[in-house]
Number of protein chains: 2
Amino acid sequence: MPAQPSHNPPQPGSAALRADARENRDRILRAAREAYALHGIDVPISAIARRAGVGVATLYRRFPTRASLITEAFAEQLAECAGVLDEALEDPDPWRAFCSVFTKVSAMQAADRGFTHAFLARFPDDASYAGERDRAEEGLALLVRRAKEAGALRPDFDVSDVVLALLANNGVANGAQAESAAASRRLVGYLLESFRARPDVKQLPPPARLELDRLGGAG
Amino acid sequence: MPAQPSHNPPQPGSAALRADARENRDRILRAAREAYALHGIDVPISAIARRAGVGVATLYRRFPTRASLITEAFAEQLAECAGVLDEALEDPDPWRAFCSVFTKVSAMQAADRGFTHAFLARFPDDASYAGERDRAEEGLALLVRRAKEAGALRPDFDVSDVVLALLANNGVANGAQAESAAASRRLVGYLLESFRARPDVKQLPPPARLELDRLGGAG
DNA sequence: GGGTAAGTGGAGGGGTTTCTCCGTTTAGCT
DNA sequence: AGCTAAACGGAGAAACCCCTCCACTTACCC
C-alpha cells in the first residue's frame, strides 16, 4: 500500500475524512434518524443540524442534497429489511416466512414515521440502490411463490399485494399517532388472515399495477 | 319581515352577500374542490385563487384562514358521507349495509386525494361539525352492532377498526398514484373478507384506541 | 511548534407560502 | 344618474424552507 498515507480504514461513505469531520458526520446521521423517526421526513435541515450541534454548512458538505441525507440515514434500516428477507428465505415453512417478513417490516414502518417514505419514494432516485431493490423484489416473489405452492397463501395473491399491504400499513402507521404500533399490529392481523388460503375463496377485485418505485409518498 | 330588506334568500355560509361576491365565492369553492381532488390539500391558496379567476384578497375575505376554506370545500362530501350512512342504516341486510358504507367511503377517499385529510384531521378544529361527527359515530356503532348480531361481522370487530380500515385505505389511496382506485378496491376486498364472521376465528392483536379526531393527517 | 489543507458556522440569496394593506372598481338603492 | 358601502386585486410583509459563500478555526503531517 504505497499511495495510501491515511491510517483510518476507508469505510464506505466516510472514507478519508478527518477525525472531527467523521465524528460530525456520524452525529448528523444520528440526529437525522432520530428526527425522521419522530416527525417524518419533512423535518427541516436546519433542525437536524441544530440537533446534531453543527452548522448547516457542515451538514451540506457531507450530504450535498436533502435527498442524499435521507437515503444515507435510512441505509441502515434498509439493510435490516434485506436481512429480514434473507432470514425468511431460509425458513423451511413458507407461510411462517411470509408472515415474518410482513410483520417485521410493518413494525418497522410503525416505529419510524419517515421509514416508508424513504424506503419507497427515495428508492428510484439513487441508482446505487437499484441492485438491492431488484434483489428484494426477486426474494419477495420467491417467497410468495413458495407460500402459494405450499397451499398456505391464497392462489390469487399478487406480488403487488405486498406493496398494497405496505401502503395500507403506512397509512395506519402515519395516521394513528401514538397508537400506531398497536393499530399496525391489528391491521397486519386482519390482512394476514385474508391472505391465507381458504377453501371458500371469494372473487377479489383485480390487483393494481403497483411498483416499488413510482409511488407518491404519504407523510 | 320588516327588518330584512334583502331579497336574496339567506343561504348558509353565503348570507347577505352581494351578487358578484356570491358568484365569486362559489367559483372559489369549485376551484378549491377541483384542486384538492387533483393535488391534495397542499395546494397553495394562490393557485386556487388563480384557478377561480379572483385575487388572493378576495379569497381571504370569504375564507379568513386556510383551514376554513378546506372545511367549507369538503362540507359537500361530508354530507355525502352522512347520506351514505343514512342509506345504509335503512338497509334490512346489516352486512350489505356495512359493506356498502365501507366500500363507498373508501371509493371517495381514493377518488379525492385531499378528502381524508380534510375529513379526519379538520374535524376537531371546527366546532360546528361536532354534532355531525357524533351522529356519524353513533350510526356507525349501530351498523357494527347490527352486523355482529346478525352473525355476519366477526364478534371481535371493534368500532375503531372502521377508522383503522379508513386509515389503511387512505394510505393506499394516497400512495398508489394513478392506480389508487384499483388498489383501493382490492384492499377493501381483502379487508371485508377478514371482517366477515367465520367459524374458525383466530386470535387478533387487540384493537388500538383510535378516535376520529386526534389523527395525524397523511397527505 | 508551524504550515496548510480540510473543516466549520453563520449570514444571506433565492424560492415558496400564508395572510394583510390599501387604492380602485362596482353593484344596487334612491 | 349619482352615491356609498361592499367588493376587488395586486403588491408586499412575515415566516418559512433549501442551499451557498466566505472569513475564520483546527486537525494532522513534518
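Predicted, not measured: the structure shown is a model, and the values here were computed from it. Below, chains carry the letters A, B, ... as their sequence lines are ordered, and counting in each starts from 1.
Residue Thr58(B) places none of its side-chain N or O atoms closer than 4.0 Å to OP1 or OP2 of dA7(D). Note on Thr65(A): a side-chain N or O is less than 4.0 Å away from OP1 or OP2 of dC19(D). Within the 4.0 Å cut-off from OP1 or OP2 of dT18(C), not a single side-chain nitrogen or oxygen of Ser46(B) is found. For the OP1/OP2 pair of dA7(D) and a distance below 4.0 Å, the side-chain nitrogens and oxygens of Asn24(B) include no atom meeting the criterion. Taking only side-chain nitrogens and oxygens, Arg66(A) comes nearer than 4.0 Å to OP1 or OP2 of dC18(D).
Between the side chain of Arg18(B) and the base of dA7(D) there is no donor-acceptor pair of N/O atoms closer than 3.5 Å.
In this structure, Ile28(A) places its CD1 atom 11 Å from C1' of dT8(C), rounding to the nearest Å. Atom CZ of Phe63(A) and atom C1' of dC18(D) are 16 Å apart (whole Å). Going from atom CZ of Arg25(A) over to atom P of dG9(C) covers 16 Å, rounded to whole Å. For the pair Glu23(A) CD and dA6(C) P, the interatomic distance rounds to 21 Å; values are reported in whole Å. One atom, CD1 of Ile45(B), and another, C1' of dT16(C), lie 14 Å apart when rounded to the nearest Å. One interatomic measurement links the two molecules: CG of Leu69(A) to P of dC17(D), which rounds to 15 Å at whole-angstrom precision. When rounded to the nearest whole Å, the span between OH of Tyr60(A) and C1' of dG7(C) equals 18 Å. Rounded to whole Å, the distance from CD1 on Ile48(B) to P on dT17(C) is 11 Å.
Relative to the side chain of Val56(B), the nucleotides dT20(D), dT20(C), dA27(C) differ in distance, and dT20(C) lies closest. The side chain of Val54(B) has dG9(D) as its nearest neighbour among dG9(C), dT18(C), dG9(D). The side chain of Arg62(A) has dG7(C) as its nearest neighbour among dG10(D), dA7(D), dG7(C). Which of dG10(C), dA27(D), dA7(D) sits closest to the side chain of Ala57(A) comes down to dG10(C).
The aromatic rings of Phe195(B) and Phe102(B) sit tilted, their planes meeting at an angle between 30° and 60°.
One distance of note links CG of Asn174(A) with OG of Ser184(A); it measures 11.0 Å at 0.5 Å rounding.
For Tyr36(B) and Phe74(B), the ring centers sit closer than 6.0 Å to each other. Between Phe98(B) and Phe157(B), the ring center distance clears the sub-6.0 Å criterion.
When each of Val105(A), Val101(A), Leu142(A) is tested with Leu85(A) by the rule side-chain contact (heavy atoms from CB on, under 4.5 Å), just one qualifies, namely Val101(A).
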